[in-house]
Amino acid sequence: MNLTALWPLAFLILISGIIILYMLKQKTTEYQFSSIMLWKEVYKNMEANRPFEKLKRNILMILQIIALLGLIFALTSPFLKSGGKNSGNLVLVLDSSASMNADYSKKLSRFEKAKELALAQIKKAKSGTKITIITCDKDVKVEASNLQDKQGAKAKIKALTCSELAGDTNPATSYIQSMVKQLGAYEAYFITDSDVKTLDLNAKILSVASEGVNASVDSVIYSKTEKESVALVKVTNHSKETFETEVTLYGDNKVISIEEVSIPPKESETVYFENVNTNLKVLKAEISKQDALKNDNTAYAVVNQGTKSKVVLVTKSNIFLEKSIQLVDGVELYKTSDVATLKDNEADLYIFDSIMPKDELDANKLYINPSSTDYFTVNGTSKGTILTAKEGTVTKYLDNFQFGVNEIKKIKCPVNAEEFFSAGDTTGGFYGTWNGKKIGVLPFDLHQTDFPLQAEFPIFMNQLLHELLETGLVPNEIFYTGDSIDFLANASGSNLKVKHPSGRKETIEVRNIAKTFADTKEAGVYQVSQKVGKKTETQQFVVNFPVDSESDIKSKISQQTGASKAFETNLNTLDIKDFILLLAILVIGAEWFVYVKEQ
């Protein structure tokens with residue numbers, strides 16, 4: 001017999017209480033009799049000075065002790081293990097995604113608690129049980145399969161580490177479904193802080209979700225003029241209470257400035273840092289207050305790569321647009337109103353503001369208030385439209401932002417493009433790739449909207465231009481853990497060398513056409529370099545924590561510790577708690593029957 005819990009055994013001390021009660025002298029009552037010849041034993045008891053008497057065999061005492069033992073052992077949830085050498089299969093699925101780094105208690109993180117629960121399941125398993133250990137974050141990884149060595153399985157669990165990748169344990173359900181046909185009898189345990197669709201699996205959710213205060217540094221945006229620059233740091237409070245903290249801005253690992261911020265529950269604040277040095281390479285923003293998840297308290301931004309992208313603005317007059325482009329880091333702006341002088345590939349990006357080229361240029365382009373082109377068709381106009389920002393890369397920092405336009409051109413968003421503004425079925429802007437060139441569209445006149453007057457306009461233009469410009473070895477400068485990066489390497493150059501934030505280095509062969517780099521598990525600043533001829537090009541890029549999916553650490557489990565409808569303990573075990581409870585009830589009934597009969 002095996003016991004699930006041992007703490008109820010402390011109640012065994014109550015047995016001594018029952019025995020002591022039966023050793024106490026019974027209180028006597030005086031009566032008058034004509035003769036006391038036959039009452040010698042009564043006389044001896046009356047003369048004794050000690051409060052206890054010799055323990056006598058008593059059927060009531062025995063029945064009461066048996067009943068108490070039954071109740072205590074029922075509380076321990078005992079079970080019997082039966083069967084032969086094959087004791088079934090135990091599948092342990094541990095959530096190792098970024099949110100599992102959050103505190104479970106003062107001493108343990110959620111992932112550390114998950115390992116404790118996994119070790120407890122291994123301990124309860126019968127010798128010979130085949131144990132499979134799976135971890136899940138962005139991908140499903142089988143850490144061990146069909147282990148029958150319990151000590152070896154425990155060592156595997158203890159060696160597991162939590163990642164900084166977005167994800168949950170749901171992908172493991174389909175994997176286990178493909179396994180069950182070969183498993184036979186099995187139990188699956190999902191140890192996680194988020195909900196799991198166990199479907200028809202014989203599976204149980206063990207929750208490690210916990211309440212905690214958490215805030216995250218979502219982003220660092222950098223823009224500059226010729227002499228000064230500004231950094232914008234977005235901080236979000238994911239908690240139910242106001243979060244007050246200091247936000248520290250670092251430039252190349254040196255403190256630039258410290259600002260205090262107070263953020264209401266479930267809201268975000270943007271902290272402005274002015275007069276930032278224009279010669280910096282990397283910015284880091286960090287909140288000082290300790291919270292439940294420390295991994296999202298820092299964000300990075302690359303601010304100066306040493307190369308300039310040439311942008312040609314074709315416009316009659318648009319001061320707000322011109323100023324917003326000048327604020328974009330790494331951009332060299334040229335302005336003209338004469339389309340006849342434009343040539344292919346003389347600039348990294350052409351912006352046509354209410355002026356259309358005579359011939360399509362083979363280059364990256366942004367059309368503002370355009371006519372029909374080879375990429376899209378204008379089908380009339382609409383008046384008095386309120387546009388809303390859609391969730392996407394370009395509008396990442398424009399949460400629920402809206403603005404009005406007096407007139408907007410009707411252009412259908414192509415299937416291969418990403419829409420960033422809309423009003424019902426009306427497209428308010430999009431960008432995509434055609435024949436290897438980036439094309440962006442804003443189907444309205446910036447003079448006929450209040451958008452350029454909003455603080456969000458330069459932020460939007462910064463994001464849009466970074467998407468339309470592809471220069472250097474890296475297509476963008478900001479990624480998130482788990483992202484894959486397609487480097488823009490020179491085919492005639494050397495192999496790419498990548499340096500991780502931890503200092504680890506690796507080489508990517510240029511003959512690999514995709515040149516895809518997927519090892520972005522660490523948050524921090526990376527560096528990639530390639531030698532072409534005698535010149536070595538080096539570029540930095542940052543990988544930040546996936547705050548959108550992992551920083552809101554509130555419980556997402558609908559059944560805190562639940563099981564699928566099909567769940568049953570079937571690893572050759574028999575739960576005997578109910579049988580012992582029934583036995584205890586029968587003994588109590590027998591004790592009552594004996595007591596009544598003796599009266």
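What you see is a predicted model, and the numbers here were worked out from it, not measured in a lab.
Inter-residue side-chain proximity for Asp362 and Lys437 is flagged as met; some heavy-atom pair is nearer than 4.5 Å. Inter-residue side-chain proximity for Thr242 and Pro265 is flagged as met; some heavy-atom pair is nearer than 4.5 Å. The closest side-chain heavy-atom distance from Glu241 to Val213 is below 4.5 Å. Counting heavy atoms from C-beta outward, Asp103 and Gln290 have side chains that stay 4.5 Å or more apart. Taking 4.5 Å as the limit, every side-chain heavy atom of Phe420 sits out of range of all side-chain heavy atoms of Leu398. Between Leu446 and Phe320 the shortest side-chain heavy-atom distance does not fall below 4.5 Å. Counting heavy atoms from C-beta outward, Asp519 and Val498 have side chains that stay 4.5 Å or more apart. Between Pro501 and Val525 the shortest side-chain heavy-atom distance does not fall below 4.5 Å.
Within 6.0 Å of the NZ atom in Lys289, the count of heavy atoms belonging to other residues, nucleotides or ligands exceeds 12. Around atom CG of Asp425, no more than 12 heavy atoms belonging to other residues, nucleotides or ligands sit under 6.0 Å away. In the displayed structure, Lys197 atom NZ is contacted under 6.0 Å by at most 12 heavy atoms of other residues, nucleotides or ligands. The number of heavy-atom neighbours closer than 6.0 Å to CD of Glu360, taken from other residues, nucleotides and ligands shown, is above 12. Enclosure of atom NZ in Lys266 by more than 12 non-hydrogen atoms of other residues, nucleotides or ligands within 6.0 angstrom is indicated.
With respect to Ile368, the side chain to side chain contact (heavy atoms under 4.5 Å, CB included) criterion is satisfied by exactly one of Asn318, Thr315, Leu321: Leu321. Tested against Tyr367, the residues Phe352, Tyr350, Phe444 include a single ring pair (Phe, Tyr, Trp, His ring centres under 6.0 Å) partner, Phe352. Shown are Val312, Ile325, Val314; of these, the side chain to side chain contact (heavy atoms under 4.5 Å, CB included) with Ile351 is made only by Ile325.
Between Cys136 atom SG and Leu165 atom CG the span is 12.0 Å, to the nearest 0.5 Å. In this structure, CD1 on Ile221 lies 11.5 Å from CG on Leu283, to the nearest 0.5 angstrom. Here the OG atom belonging to Ser96 is positioned 9.5 Å from the CG atom belonging to Asn101, to the nearest 0.5 angstrom. Separation of atoms CG (Leu464) and CG (Leu469) is listed at 9.0 Å; rounding is to 0.5 Å. Atom CZ of Phe430 sits about 11.5 Å away from atom OH of Tyr375, to the nearest 0.5 Å. The distance from atom CG of Asn297 to atom OG of Ser288, rounded to the nearest 0.5 Å, is 9.0 Å.
Listed for the Lys358 side chain is no donor-acceptor partner under 3.5 Å among the backbone atoms of Val339. A distance-only check finds a donor-acceptor pair linking the side chain of Lys365 to the backbone of Ala363 [under 3.5 Å]. Judged by distance alone, the side chain of Asp450 and the main-chain N or O of Phe403 form no donor-acceptor pair under 3.5 Å. Side-chain N or O atoms of Asn364 include one that pairs as donor or acceptor with a backbone N or O of Leu468 at under 3.5 Å. Panel note: side chain Asp291, backbone Ala215; a donor-acceptor pair is recorded below 3.5 Å. Put simply, the side chain of Ser372 gets close to the backbone of Val378: a donor and an acceptor are under 3.5 Å apart. No side-chain donor-acceptor contact under 3.5 Å links His500 to the backbone of Lys521. Side-chain atoms of Ser97 come within 3.5 Å of backbone N or O of Gly167 as a donor-acceptor pair.
Judged by a 6.0 Å distance limit and a 45° cone about the ring axis, Lys310 is positioned over the six-membered ring of Tyr334.
A donor and an acceptor atom, one from each side chain of Arg110 and Ser99, are nowhere located under 3.5 Å apart. Side-chain contact of Asp95 with Thr169: a donor-acceptor pair under 3.5 Å is absent, judged by distance alone. Between the side chains of Ser502 and Glu522, at least one donor N or O sits under 3.5 Å from an acceptor N or O. Side-chain contact of Thr388 with Gln402: a donor-acceptor pair under 3.5 Å is present, judged by distance alone. Residues Thr507 and Asn495 have side chains that never bring a donor and an acceptor to within less than 3.5 angstrom of each other. Asp168 and Ser194 share no side-chain donor-acceptor pair at under 3.5 Å. No side-chain N or O of Asp483 forms a donor-acceptor pair with one of Thr520 less than 3.5 Å apart.
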When you look at Glu418 and Thr395, which way does the side chain to side chain contact (heavy atoms under 4.5 Å, CB included) test go after all the steps?
CA-CA 11 Å; Glu418 180 179 315; Thr395 55; 5.8 Å; no
For Phe451 and Phe401, what are the C-alpha separation, side-chain angles and deciding distance, and is it a ring pair (Phe, Tyr, Trp, His ring centres under 6.0 Å)?
CA-CA 10 Å; Phe451 188 22; Phe401 175 68; 5.6 Å; yes
From CA spacing to verdict: side chain to side chain contact (heavy atoms under 4.5 Å, CB included), Phe479, Tyr526:
CA-CA 10 Å; Phe479 301 90; Tyr526 291 70; over 6 Å; no
Assess whether side chain to side chain contact (heavy atoms under 4.5 Å, CB included) is satisfied between Thr298 and Lys284, documenting all intermediate values.
CA-CA 7 Å; Thr298 305; Lys284 181 179 78 170; 3.5 Å; yes
Please assess Phe243 against Ile287 for the test side chain to side chain contact (heavy atoms under 4.5 Å, CB included), listing each intermediate value before the final yes or no.
CA-CA 11 Å; Phe243 191 88; Ile287 57 176; 4.2 Å; yes
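The nearest pair of heavy atoms linking Lys234 to Thr236 is CE-OG1, 4.2 Å. Summarising the geometry of Leu327 relative to Pro458, their closest heavy-atom pair is CD1-CB, 4.2 Å, with the distance given to 0.1 Å. Nearest heavy atom pair, residue Tyr300 against residue Gly524, reads CE1-CA, 3.7 Å. The minimum heavy-atom distance between Ser484 and Ala518, with the atom names listed, is OG-CB, 3.8 Å. Scanning all heavy atoms of the two residues, the minimum distance from Gly428 to Glu419 falls at N-OE2, 4.1 Å. The shortest non-hydrogen separation linking Ala523 to Asn544 is CB-C, 4.3 Å.
Using the six-membered ring where Trp is involved, Phe421 and Phe460 have ring planes that are tilted, between 30° and 60° apart.
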Let me have the donor-acceptor pairs involving side chains of residues 252-261, under 3.5 Å, with sequence neighbours excluded, atom names and distances please.
residue : atom : partner : partner atom : Å
Asp252  : OD1  : Lys281  : N            : 3.2
Asp252  : OD1  : Val282  : N            : 2.9
Asp252  : OD2  : Lys281  : N            : 3.4

